[in-house]
Amino acid sequence: MHWSDVVAQRLSERGTKHIVSTGITPSGEFHIGHLREILTGDMISKAAKKAGLDVEFVFIVDSADPLRKVYSFLDDSYAQYIGHQLKQIPPPDDSGCPDMDRFSKGISYADHFLKPFKQALEQIDVRPRFIDNFDSYASGKFAETARIACNNADKIREIIERVSSRELSDDWFPWNPIDAKGSIDGITVTGWNDPIVSWIDSEGNEGQSDVTKGEGKLPWRIDWPAKWAWIGVSMEPFGKDHGAAGGSYDTGKEIVELFGRNAPVDLTYEWISLRGQGAMSSSSGNTVGPLEALSLVPPEILRYLVASTKPNKAIEFDTGMGLVNIADEFERTTSRDFAIEMEKEGLSRRQMVAIEDAKTALELSLITPLEEASSVTFRHLAMLAQTKSKDEDVWGSLGVDQSPPSTMVERLNRMRTWINSRHFPDELRITILEQPNREAIALLDEDNIAVLPQLIQVLGSCEWDSASIQSSISGAARNLETSPRHAYRALYLCIMGTERGPRLPAILSQLNQNSIVTLLNASLAVSQES
RNA sequence: GGGCCUGUAGCUCAGUCAGGUAGAGCGUCGGGCUUUUAACCCGAUGGUCGCGGGUUCGAACCCCGUCGGGCCCGCCA
């Protein structure tokens with residue numbers, strides 16, 4: 001059974017109405033790691049729907065969280081906003097400075113980072129109900145839970161200290177008020193008179209906050225279960241940081257009972273790292289953003305990456321060959337006929353499970369229905385995009401008529417972007433030699449060398465278009481009563497330095513005839529030296 | 001200190017939860033495709049399942065131990 005169906009089954013054991021929740025703090029650039037959180041939730045929701053459950057998928061934007069520090073991509077002037085809520089501070093401009101102009105137009109720090117992520121979500125067809133945490137506090141959604149928390153401060157303290165074996169300071173209180181300047185740092189709670197918290201800040205200023213009006217926020221370990229309570233969350237996937245023993249899920253599980261509810265079904269997922277570069281981190285700038293990823297590959301591939309990997313398995317995102325491999329695997333999967341595979345005699349239980357899982361992973365990945373004509377592997381498209389500068393030539397080669405489906409056009413555009421990016425792997429890049437490559441020439445065998453003079457002759461005199469070049473090559477081989485394979489191998493070694501390559505005639509036709517002939521002559525000369 | 005994940009073919013991994021003759025893709029090698037020659041099709045090659053014990057008729061799988069890799073436990077998905 002696919003992992004999403006396993007979760008759906010757990011949900012169905014609990015009831016028919018469910019809210020699957022995800023959430024992210026918009027403290028910096030979103031990256032593809034965040035995509036795992038939201039795609040995991042999305043896929044569980046879809047599985048639950050398939051199982052006949054009444055399910056809603058929500059995405060909480062933790063805009064009430066404070067700015068923790070001046071990240072590397074921020075100007076030092078952001079120091080003044082440390083401790084201030086992300087919805088209450090200005091967005092950074094291109095150089096990382098606070099952009100007061102946009103701020104005055106109502107765009108906050110949180111909005112700034114959320115916007116591109118929302119665009120990416122639309123592209124990958126994830127459509128949750130968005131909940132803004134800051135607004136939720138302001139509109140009193142947390143009123144009940146905040147009052148319960150403050151009235152049960154001792155119980156909550158006991159839970160956190162026991163479960164997480166952390167010691168809380170004496171002045172700890174389950175509410176972080178906002179001081180006169182808008183910060184929740186360095187403030188000490190001095191009294192509680194439901195629903196008013198009294199406080200004193202680091203400079204000795206005193207004040208009061210009404211917890212029912214969002215004049216502050218609950219600390220994370222309480223904030224989370226409070227959200228479960230007021231939203232009615234019954235399932236939530238979360239990163240392994242929260243899932244560690246004594247982590248915030250463990251404490252939240254007990255705290256939420258004070259709010260009269262049960263903890264949601266949990267699912268801990270592993271991180272996505274960048275191949276060879278460790279975990280992604282917004283603050284270090286070591287990221288690939290969702291939009292950047294989507295400029296390279298179709299959204300289906302990103303969905304497939306998450307869908308086909310069990311949540312507890314770490315994903316190494318590789319923008320080079322790894323991307324080609326996953327994309328090609330996706331293509332292969334789309335062309336499988338699962339019904340026929342399942343009818344096969346003598347399938348072991350495992351084989352059946354594997355087929356089932358592949359089928360589900362594919363279903364979860366698809367955004368639009370499969371189009372028969374659109375199947376071309378990444379490798380093949382990579383080659384075509386490099387050898388044919390005009391789109392229509394690509395379509396011609398693929399046997400698609402004048403109006404290719406829009407999904408195909410998008411794929412080709414993405415491929416061209418990828419080829420021009422730093423991510424494109426050398427392994428797939430087509431290179432044309434300018435000088436004979438001695439190592440490659442040494443690989444020429446007798447048959448290859450024998451056909452070279454013929455090739456030089458016909459290629460030197462033929463019309464320089466794809467069809468003529470092709471018939472010239474075949475003809476040269478035929479004249480010597482040998483297989484065209486020898487001729488092609490010779491050409492690849494001489495022209496590209498490889499034993500095999502993409503279809504040559506089309507490539508040659510775009511190059512200069514004389515320089516190719518010159519290169520072949522030089523290669524022949526080198527081969528005769530030894 | 002506490003906890004999680006991970007080690008299976010040259011590479012990427014599935015298979016471990018429900019023990020029953022070691023799998024896939026890529027790669028490599030061979031053949032085909034009278035030539036979409038990095039496409040496609042067919043075939044072959046390839047693994048003491050990290051190591052040591054235990055349970056069992058039977059262990060990649062369960063248990064104990066051990067070695068190596070990654071990671072979490074203030075915030076972070």
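Chain naming here is simple, since letters A, B, ... match the order of the sequence lines and numbering starts at 1 in each.
- Separation of the C1' atoms belonging to B/G19 and B/C62 is 8 Å when rounded to the nearest angstrom.
- Rounded to an integer number of Å, the gap from A/Y488 OH to B/U37 C1' is 7 Å.
- Remark: side-chain polar atoms of A/Y109 are not paired, donor with acceptor, to backbone N or O of A/P92 under 3.5 angstrom.
- Comparing the C1' positions of B/C51 and B/C11 gives a spacing of 23 Å, expressed to the nearest Å.
- Residues in residues 161-170 of chain A take part in these salt bridge (Lys or Arg N to Asp or Glu O under 4.0 Å) pairs, two or more places apart or across chains: A/R157-A/E161, A/E158-A/R162, A/R162-A/E254.
- Aromatic ring pairs are classed by plane angle as parallel below 30°, tilted from 30° to 60° and perpendicular above 60°; the pair A/F73 and A/Y71 is parallel.
- Looking at the side chain of A/R166, the nearest of the listed nucleotides B/C73, B/G74, B/U6 is B/G74.
- Checking the phosphate oxygens (OP1, OP2) of B/C13, no side-chain nitrogen or oxygen of A/K310 falls inside 4.0 Å.
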Check: How would RNA chain B look in dot-bracket form, 5' to 3', counting Watson-Crick and G-U wobble pairs with both distances under 3.5 Å and writing | for bases paired to another strand?
Finding: ((((((((.[[[[.)....(..]]]]((((((.......))))))....[[[[[..)....]]]]])))))))....

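- Between A/I315 atom CD1 and B/A77 atom P there is a gap of 16 Å when expressed in whole angstrom units.
- Considering only side-chain atoms of A/N312, the nucleotide from B/U6, B/C72, B/A77 that sits closest is B/U6.
- In the set B/G3, B/A77, B/U35, B/G3 carries the atom at the smallest distance from any side-chain atom of A/A245.
- Spacing between atom CG of A/L267 and atom C1' of B/C17 amounts to 14 Å, rounded to whole angstrom units.
- Note: A/H242 and A/F238 have perpendicular aromatic rings, judged against thresholds of 30 and 60 degrees for the angle between ring planes.
- Applying the side chain to side chain donor-acceptor pair (under 3.5 Å) criterion to A/D185, with sequence neighbours excluded, gives no partner residue.
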Item checked: Where protein sits on nucleotides 18-32 of chain B, one letter per nucleotide: B base, S sugar-phosphate only, - none, heavy atoms under 4.0 Å -> B-S----S--S---S

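- Atom-to-atom, CZ of A/F238 to C1' of B/C73 comes out at 13 Å; the value is rounded to the nearest Å.
- Two residues are said to be in side-chain contact when any heavy atoms from C-beta on lie closer than 4.5 Å; A/N176 and A/I187 fail this criterion.
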Show me the donor-acceptor pairs within less than 3.5 Å that the side chains of residues 126-134 of chain A make with the rest of the protein, sequence neighbours left out.
unit_1	atom_1	unit_2	atom_2	d
A/R127	NE	A/D125	OD1	2.9
A/R127	NH2	A/E122	O	3.4
A/R127	NH2	A/D125	OD1	3.2
A/R129	NH1	A/E56	OE1	2.8
A/R129	NH1	A/E56	OE2	2.9
A/D132	OD1	A/S63	OG	2.7
A/D132	OD1	A/F134	N	3.0
A/D132	OD1	A/D135	N	2.9
A/D132	OD2	A/S63	OG	3.4
A/D132	OD2	A/K87	NZ	2.7
A/N133	ND2	A/D223	OD2	3.4

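- Rounded to whole Å, the separation between the C1' atoms of B/G23 and B/A14 comes to 7 Å.
- Taking side-chain N and O atoms only, A/T25 has a distance below 4.0 Å to OP1 or OP2 of B/A77.
- To the nearest angstrom, P of B/C75 lies 10 Å from CG of A/D65.
- We find that OH of A/Y304 is positioned 18 Å from P of B/U12, with the value rounded to whole Å.
- Applying the side-chain contact (heavy atoms from CB on, under 4.5 Å) rule to A/A487 yields the partners A/V451, A/L455, A/I473, A/A477; only residues at least two apart in sequence or on another chain are considered.
- Here the separation of B/G46 from B/A39, taken at their P atoms, is 24 Å to the nearest Å.
- Positionally, the nearest nucleotide of RNA chain B for A/D357 lies more toward the 5' end than for the other of A/D357 and A/R68.
- In this structure, A/L381 atom CG and B/U36 atom C1' are separated by 13 Å, rounded to whole Å.
- Crowding of A/E392 atom CD: a count of heavy atoms from other residues, nucleotides or ligands under 6.0 Å exceeding 12.
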Margin query: Would A/T268 and A/Y249 count as a side chain to side chain donor-acceptor pair (under 3.5 Å) here? Give the steps.
Written below: CA-CA 10 Å; A/T268 307; A/Y249 180 77; over 6 Å; no

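- Nucleotide B/C71 holds its P atom 17 Å from the OH atom of A/Y269, rounded to whole Å.
- Picking from B/C76, B/C72, B/G7 the nucleotide with the shortest atom distance to the side chain of A/K313 gives B/G7.
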